[in-house]
Each structure stands twice: as structure tokens, then as C-alpha cells.
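Note: hydrogens, waters and symmetry copies are ignored here, and every other heavy atom, side chains too, is used. Small disclaimer: the values here were computed from a predicted structure and weren't measured.
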Amino acid sequence: MSTGYKYIAIVGASGSIGKIILNGLIEYSLFSITAITRKESEATFPPGVTVRKTDFSESDLEAAFKGKDAVISTVGATGFAEQKKLVDAALRAGVKRFIPSEFSASNQNENVVRLLPLFGQKTEVLKYLKTKESEGLSWTGIVPSLLFDWGLENGFLGFDISNRKATIWNGGNKKFTLSNEKQLAQAVVSTLQRPEATKDQYLFIASVETSHKELLAALEEATAAKWDVTKTTTDEQVNDGMQKLGAGDFSGAFNLVRAISFGNIPGLNANYIRDERLGNDVLGLELESVKDTVNRVVKSSG
């Protein structure tokens with residue numbers, strides 16, 4: 001039986017996804033964690049996390065990755081293409097596992113990439129990783145789709161808890177899957193603990209299977225209030241996103257990310273439970289309750 005990985009480097013640990021994963025690793029107290037940051041970064045990290053500043057040259061990254069079992073990349077959109085440099089440095093440093101910045105929708109789906117071409121950069125990184133398998137660097141892609149509790153709390157999913165307002169797509173009946181923050185962190189922890197079972201695997205995960213109608217009903221029940229509903233369509237949201245991007249407003253990409261899950265475009269495979277081979281069993285993850293998550297988020301929102 002293979003031993004789990006202990007010495008972990010995280011690139012991008014101060015970002016939204018990076019913080020979720022970093023906090024999950026800290027919570028389990030199983031790992032020696034190093035946050036890799038740019039020299040000019042002023043980000044701070046919890047006690048016990050080693051901070052290694054780097055100029056992000058290949059030689060300095062290689063030095064930063066020396067002695068690490070695994071490198072986790074949680075870089076944002078501007079860093080997707082740069083991950084090949086991270087892969088090369090990890091390979092030369094003798095790292096065993098590279099976890100690329102997936103942590104969203106699948107870039108292995110041509111319809112997804114057609115809707116959001118930026119994800120094509122992730123596709124190229126994964127192809128590059130596969131060419132390094134024979135040289136001793138393994139990889140794991142973790143694909144949670146949209147984050148459930150995170151997206152409810154900040155309104156990303158289109159539900160404004162404080163003002164009791166909801167944006168419902170295409171009548172609200174389409175089923176899709178979402179993952180909670182803690183489950184995403186657990187997926188990463190399990191990957192590091194189960195190196196053989198997760199080796200060179202692209203793993204779809206899910207906390208819930210739901211729809212906009214179900215979410216609205218759960219939120220109205222949890223808040224004991226009738227919500228103000230704005231109806232929208234895939235075409236409206238995609239066109240708005242494209243116009244924003246065309247004008248240099250990157251927030252338009254958020255419309256397209258939501259469209260990957262909520263849109264009625266054929267072939268997006270947004271319901272991972274039905275459309276993909278779910279990796280929950282490999283990672284020891286269980287499905288969760290929509291109502292329980294909604295109640296927890298509403299309670300924490302005051």
C-alpha cells in the first residue's frame with residue numbers, strides 16, 4: 001500500500017480557491033505546507049505554513065519545489081498558461097504529483113471550451129502533463145463545477161440572500177451538480193492520501209444534484225419569505241457575457257462560467273452524477289443535502 005504525500009507546495013494559495021484548499025490541508029494536520037508566492041506579494045498565511053517567495057523563473061521554482069511530494073496549482077485565469085513552467089520545474093525537482101488548476105467545469109468537454117475558450121489553456125496543460133507521465137510525474141485533475149455554499153454566500157450563483165432576490169435561468173428546471181467548499185478541500189486531501197487510486201485521473205466530484213427551482217424553494221423556506229425573481233435565458237446571459245468581454249470587462253467571463261452549469265446548450269454535461277463518471281467513491285466523498293447547505297448558509301448570513 002502506497003504512503004500518502006506529506007510535503008506539499010501550493011501555488012496561488014492566497015486566491016479564493018487557494019484559501020479553501022489551504023485551509024482544508026491545515027485542518028487535517030497531515031501535511032507540511034509551503035505557500036509559493038511571488039517576491040512582490042504581500043499575502044499573509046496562517047501559522048505553520050512556510051512561505052517561499054520566488055521570482056517565478058524556472059530555476060527558482062525548481063529550488064522552491066525541491067523536497068516536495070506534490071505541487072498544487074490554484075492559479076487564476078491569468079496564470080493558466082504559465083502552469084507548464086510549474087510542471088517543468090516540478091519534474092526537475094523530483095515532485096511526484098502535480099494537481100493543476102482545474103477546480104471548476106471540465107475543460108475536457110469541447111462544448112464547454114467552445115463556450116469559454118479560456119479553458120482551452122487548461123486543456124493544453126493537461127495534455128502537457130500526460131506527456132510527463134513516463135518521466136515520473138503523475139497528475140490528478142479535480143473538477144467540482146461551481147461551488148455551492150461559496151456561491152450562495154457571495155451571490156455568484158444568482159441568489160441574493162440579504163435582499164431576497166433570485167435570477168432563474170430558462171424556467172429553472174435544468175438539473176446540475178454543485179460542490180461545497182469543504183468537499184473540494186476533502187477531495188484534495190484524499191488525492192494526497194490515496195496516491196495510487198488517484199494517479200493520472202480526471203475526477204469529477206459533486207455535493208448535490210439540484211436545479212434553480214429547487215434552490216429557490218429551499219431558500220424561500222429557509223428565509224420564510226417570498227423572493228423577488230428575475231427570469232433570464234441562456235442567450236441573454238451568454239450575449240451579455242460576450243459583450244462585456246468584448247468591451248474589456250472580464251466579469252463577462254463569470255456569465256459564461258455560470259452558463260456552463262445553468263445554460264440549456266446541448267452537450268455541456270453539467271449534471272456530473274448522470275453525465276459523467278463521478279469520482280466521489282474514489283475520494284471517499286458522499287453526496288450532501290441541498291436543504292442542509294442552504295440552511296447553513298442562510299444562518300451564517302444572518
Residue pair [X] / [Y], side-chain donor-acceptor N/O under 3.5 Å:
| X | Y | value |
| --- | --- | --- |
| R97 | T191 | no |
| Y202 | E102 | yes |
| D228 | T230 | no |
| S251 | D249 | yes |

Item checked: Aromatic plane relationship, H212 with F176 - under 30° parallel, 30 to 60° tilted, over 60° perpendicular ->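 It falls in the perpendicular class, over 60°.
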
Check: Using 30° and 60° as the class limits, which term best fits the ring planes of F156 and W150: parallel, tilted or perpendicular?
Finding: tilted

Note to self: Could you go through T177 and S145, starting from their C-alpha distance and side-chain angles, then the distance that decides it, and tell me whether this counts as side chain to side chain donor-acceptor pair (under 3.5 Å)?
What the structure shows: CA-CA 7 Å; T177 58; S145 190; 5.0 Å; no

Check: Could you walk me through whether I10 and I36 pass the side-chain contact (heavy atoms from CB on, under 4.5 Å) check?
Finding: CA-CA 6 Å; I10 306 182; I36 307 294; over 6 Å; no

Note to self: Walk me through whether T233 and D235 qualify under side chain to side chain donor-acceptor pair (under 3.5 Å).
What the structure shows: CA-CA 5 Å; T233 66; D235 286 346; 5.4 Å; no

Check: Is any NZ, NE, NH1 or NH2 atom of the basic residue among K127 and E124 found under 4.0 Å from an Asp or Glu carboxylate oxygen of the other?
Finding: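 Yes, this pair counts.
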
Checklist line | Lys/Arg N to Asp/Glu carboxylate O, D88 vs K84, below 4.0 Å | finding: no

Next item on the list: Report yes if the side chains of L30 and L192 come closer than 4.5 Å at any heavy-atom pair, otherwise no.
Entry: no

Next item on the list: Indicate yes or no: at least one non-hydrogen side-chain atom of L268 is less than 4.5 angstrom from one of V112.
Entry: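 Yes, at least one pair of side-chain atoms sits under 4.5 Å.
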
Next item on the list: Take T293 and N180, measure what side chain to side chain donor-acceptor pair (under 3.5 Å) needs, and give me the verdict at the end.
Entry: CA-CA 8 Å; T293 300; N180 282 324; 3.1 Å; yes

Item checked: Lys/Arg cation over aromatic F119: K122, 6.0 Å, 45° cone ->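 Pair K122/F119 counts as cation-pi.
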
Note to self: Check for me, please, whether L91 and Y128 land in the same ILVMFWY cluster - side-chain distances under 4.5 Å, paths through other members count.
What the structure shows: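 Shared cluster, yes.
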
Distance check, rounded to the nearest 0.5 Å: [X] atom [atom1] versus [Y] atom [atom2]?
| X | Y | atom1 | atom2 | result |
| --- | --- | --- | --- | --- |
| L146 | L152 | CG | CG | 11.0 Å |
| K175 | N271 | NZ | CG | 8.0 Å |
| K96 | Y5 | NZ | OH | 7.0 Å |
| S179 | I205 | OG | CD1 | 4.0 Å |

Check: Out of T140, I142, I99, which one pairs with T198 under the side-chain contact (heavy atoms from CB on, under 4.5 Å) rule?
Finding: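 Only one option passes, and that is T140.
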
Margin query: Can you tell me which residue among K53, R52, K39 is in a side-chain hydrogen bond (donor to acceptor under 3.5 Å, both in side chains) with D60?
Written below: R52

Notebook entry, point to check: Nearest heavy-atom pair of K66 and R92: which atoms, and what distance?
Noted result: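 Distance-wise, the nearest heavy atoms are NZ-O, 4.0 Å.
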
Margin query: Is it the case that the side chain of Q83 and the backbone of F80 share a donor-acceptor pair, with hydrogens and angles ignored and the cut-off at 3.5 Å?
Written below: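 Present.
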
